[in-house]
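In what follows, chains carry the letters A, B, and so on, assigned in the order in which the sequence lines appear, proteins first and then strands, with residues in each chain numbered from 1.
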Protein chains: 2
Amino acid sequence: MSGRAVYAKGIAKREAILSAALDVVATHGYRRASVREIADAVGLSPAGLLHYFDSKEELFTAILRARDERDGLMFDSAGGRSFTADDGAGVRPEKAIETFLAVLRHNAAVPGLVQLYAQLSAEVADPDHPARAYFLERTEHAERIAVLWVSRAQEEGLFRADLDPAWIVRTLHALADGLQPLWLLDPELDMAAHVGQFIELLKPVPPAPER
Amino acid sequence: MSGRAVYAKGIAKREAILSAALDVVATHGYRRASVREIADAVGLSPAGLLHYFDSKEELFTAILRARDERDGLMFDSAGGRSFTADDGAGVRPEKAIETFLAVLRHNAAVPGLVQLYAQLSAEVADPDHPARAYFLERTEHAERIAVLWVSRAQEEGLFRADLDPAWIVRTLHALADGLQPLWLLDPELDMAAHVGQFIELLKPVPPAPER
DNA sequence: GTCTATATCGCGATAGAC
DNA sequence: GTCTATCGCGATATAGAC
């Protein structure tokens, strides 16, 4: 019983730290988001914080992981069966596209997270960055499922069938990621609308009322 | 006379430092590219190095600036008149596209630079990052000229005329940038081919031999 | 298990001697 | 133009208090 209570307290603290870290990133920016600042914000010493997360990088990775989880749930609830179940079988392609754009739209409300993601996705170029494994798995997982959706979209005539599904998915991924630093420099940029425009390009050409 | 010699020596030293910095980034990665390491590589003390560049960030910005200059020259020599002259008037659209892809192809040979660029383009999200102004100007300049080229490409029937040139340019920019972190994680990825595929999508639809 | 205090080490940067 | 010395700050390992 007491073990459970202690455990529960630890979980709660972890989440308090995650939330405080995100706050600090959002307020002071990634560069000034030191372990000290975050520890202060949550009322802990730096060492106390590192009792819950082995390193600063692991803390930040955990934030992104939590975000992915929440986004995954959006796909789940949009379509019935699961993103998390690893095959995305129950999600209809239109719903998946719509949800993807909704996630991008939501991103525009959380610049701190966007900055954190952009930062880490660049940092993991380093072969022994602690978050590298996470990014590799995340990319592999997300792209594999997205390819299934895109293929289905092509079968159903929603997307042009002459394009490589893997190419489409990679392009959506790279485009969405690449827009983020540009948006951080220019908040006027509407990332979701921009990607939506690209998706229009993927739709089959109408019978051409040419002449 | 002696003033001139000293100046030339200073210039040479600056370039030696730039080159050493790039080496260190390429070899040890951006994270370990400390001022100390770079200073060692060029046979200087950290303070001695900072005589030439006021800060680490300025040094890295200078590297990217030098790269941009070289890339700009590629556009110049590809088309006659100048990228640098600010209007790109003399460059033919096909040549510009070809040169753009050549730059991407070249990037695959310099992962250190690519990592540095990805890193900095994320860092400048911070409103008072020293390289922020550089990135803002660079984006503004490059996109303005690229819009001219794309517009001309549309007038000449090379690209679909129903797409917003500014959207095309932004997409090319974001796509090229977004592919870079993905490529750093997966060297199999052919960035130039990938973007080339997108450019295919921009070409006018043929008269549709539909039925 | 939770947390603080302390210590270490590497970093970028500055001041001032040469 | 370049060094040495030094500062302040960052992350984090360790010891041990509760």
To the nearest 0.5 Å, atom CD1 of A:I168 lies from atom CG of A:L202 at 5.0 Å
Given B:H106 and B:R70, is the side chain to side chain donor-acceptor pair (under 3.5 Å) satisfied, shown in steps? CA-CA 11 Å; B:H106 177 80; B:R70 200 215 49 208; 3.0 Å; yes
With heavy atoms under 4.0 Å as the rule, sort B:L44 into base, sugar-phosphate or nothing. sugar-phosphate
Measure the spacing between CG of A:D23 and CG of A:L18 and express it to the nearest 0.5 Å. 11.5 Å
Presence of salt bridge, A:R152 and A:E156, under 4.0 angstrom: no
I need the CG-C1' distance between A:D40 and C:dT4, as an integer number of Å. 13 Å
Between B:F75 and B:W149, does the ring centroid distance fall short of 6.0 Å? yes
Specify the separation, in whole Å, of atom CZ of A:R14 and atom P of C:dG1. 13 Å
A:L182 and A:H194: CA distance, side-chain angles, deciding distance, side chain to side chain contact (heavy atoms under 4.5 Å, CB included) verdict: CA-CA 12 Å; A:L182 295 180; A:H194 204 105; over 6 Å; no
Check ring pair (Phe, Tyr, Trp, His ring centres under 6.0 Å) between B:H173 and all other residues, then give those that pass, not counting sequence neighbours. none
Mind checking if B:P46 touches a base, just sugar-phosphate, or nothing, with heavy atoms under 4.0 Å? nothing
From CG of B:D54 over to P of D:dG1, roughly how many Å is that when rounded to an integer? 14 Å
Approximate separation, where rounding is to 0.5 Å, of A:L50 CG and A:L44 CG: 9.5 Å
Smallest separation among heavy atoms of A:V103 and A:M74, with atom names: CG2-SD, 4.1 Å
For A:E94, check salt bridge (charged side-chain N to carboxylate O under 4.0 Å, His left out) against everything at least two apart and list the hits. A:R92
Tabulate below the donor-acceptor pairs under 3.5 Å that side-chain atoms of residues 117-129 of chain A make, not counting sequence neighbours, or state none.
| residue | atom | partner | partner atom | Å |
| --- | --- | --- | --- | --- |
| A:Y117 | OH | A:R138 | NH2 | 2.9 |
| A:Y117 | OH | A:D177 | OD1 | 3.2 |
| A:Y117 | OH | A:D177 | OD2 | 2.8 |
| A:S121 | OG | A:Y117 | O | 3.1 |
| A:S121 | OG | A:A118 | O | 3.0 |
| A:E123 | OE1 | A:H129 | NE2 | 2.9 |
| A:E123 | OE2 | A:Y30 | OH | 2.8 |
| A:D126 | OD1 | A:D128 | N | 3.1 |
| A:D128 | OD1 | B:R32 | NH2 | 3.1 |
| A:H129 | ND1 | A:A131 | N | 2.9 |

When rounded to whole Å, the NE2 to P distance for the pair A:H51 and D:dT12 reads 16 Å
Grab the CG-P distance between B:L59 and C:dA13 for me, whole Å please. 10 Å
Among residues 15-26 of chain B, which ones have heavy-atom contacts with DNA chain C below 4.0 Å? none
In numerical order, the residues of residues 117-135 of chain A whose heavy atoms come under 4.0 Å of DNA chain C are none
What integer distance in Å separates B:F60:CZ from C:dA13:P? 10 Å
Every protein N/O lying under 3.5 Å from an N/O of nucleotides 9-11 of chain D:
| residue | atom | partner | partner atom | Å |
| --- | --- | --- | --- | --- |
| D:dA11 | OP1 | A:V35 | N | 3.1 |
| D:dA11 | OP1 | A:K56 | NZ | 3.3 |
| D:dA11 | OP2 | A:V35 | N | 3.0 |

